[in-house]
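Heads up: the structure comes next, in structure tokens.
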Amino acid sequence: MENLFHMQTLLIIAAGAIATYLTRIGGYVFITRMKRIPPRAEAALNAVPAAVLTTLVAPAAITGGWDVSITMAVAFLVGLRLALLPMLAVGWIVVMLLRHVIG
């Protein structure tokens, strides 16, 4: 059981948890103390979802192979017309078909 947890690993996990908590609560405190959000700050906050999505999708699209890249393109096009759940279903079907056909 001693070899299961290393002190350095536990300290890294604790430091990550504390840093995450402080950044989340710090942003909340900062925004609530402002009387008015400046337009540039509002524009930056509006850009966050697209930036997060890009950081999640880009590595998979680049390193995932043809099946993943094609599936992401199809899911993007379907997502322009349909809601999230149908887009996910179509993406899943396309990637499974491509993996079955391509191998």
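The structure presented is a predicted model; accordingly, all values stated were derived computationally and were not measured.
Shown here for A61 and S69, the closest heavy-atom pair between the two residues is O-OG, 2.7 Å. Residue T55 comes nearest to P59 through the heavy atom pair O-CD, 3.2 Å, listed as atom of the first residue, atom of the second, then distance. Closest heavy-atom contact between T54 and A50: OG1-O, 2.7 Å.
You'll find the side chain of I37 reaches within 4.5 Å of the side chain of E42, heavy atoms only. Contact check for T71 versus V74: no side-chain heavy atoms found under the 4.5 Å cut-off. Using a 4.5 Å heavy-atom cutoff, the side chains of W92 and M96 are in contact.
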>> Quick one, R99 with D67, criterion side chain to side chain contact (heavy atoms under 4.5 Å, CB included). Give me CA distance, side-chain angles, the key distance, then yes/no.
In response: CA-CA 7 Å; R99 288 181 179 175; D67 56 342; 2.8 Å; yes

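Two different hydrophobic clusters hold F30 and V48 under the rule that ILVMFWY side chains link at heavy-atom gaps under 4.5 Å. When hydrophobic clusters are built by joining Ile, Leu, Val, Met, Phe, Trp and Tyr residues whose side-chain heavy atoms come closer than 4.5 Å, directly or via intermediates, V94 is grouped together with L84. Under a hydrophobic-cluster definition in which Ile, Leu, Val, Met, Phe, Trp and Tyr are linked whenever side-chain heavy atoms come within less than 4.5 Å, directly or via other members, L97 and V95 are assigned to the same cluster.
More than 12 heavy atoms of other residues, nucleotides or ligands shown are found within 6.0 angstrom of CE on M34.
With side-chain heavy atoms closer than 4.5 Å counting as contact, directly or through intermediates, the hydrophobic cluster containing M72 also holds L53, V57, V68.
A distance of 5.5 Å separates CD1 of I70 from CD1 of I102, quoted to the nearest 0.5 Å. With values rounded to the nearest 0.5 angstrom, I18 atom CD1 is found 12.0 Å from T23 atom OG1.
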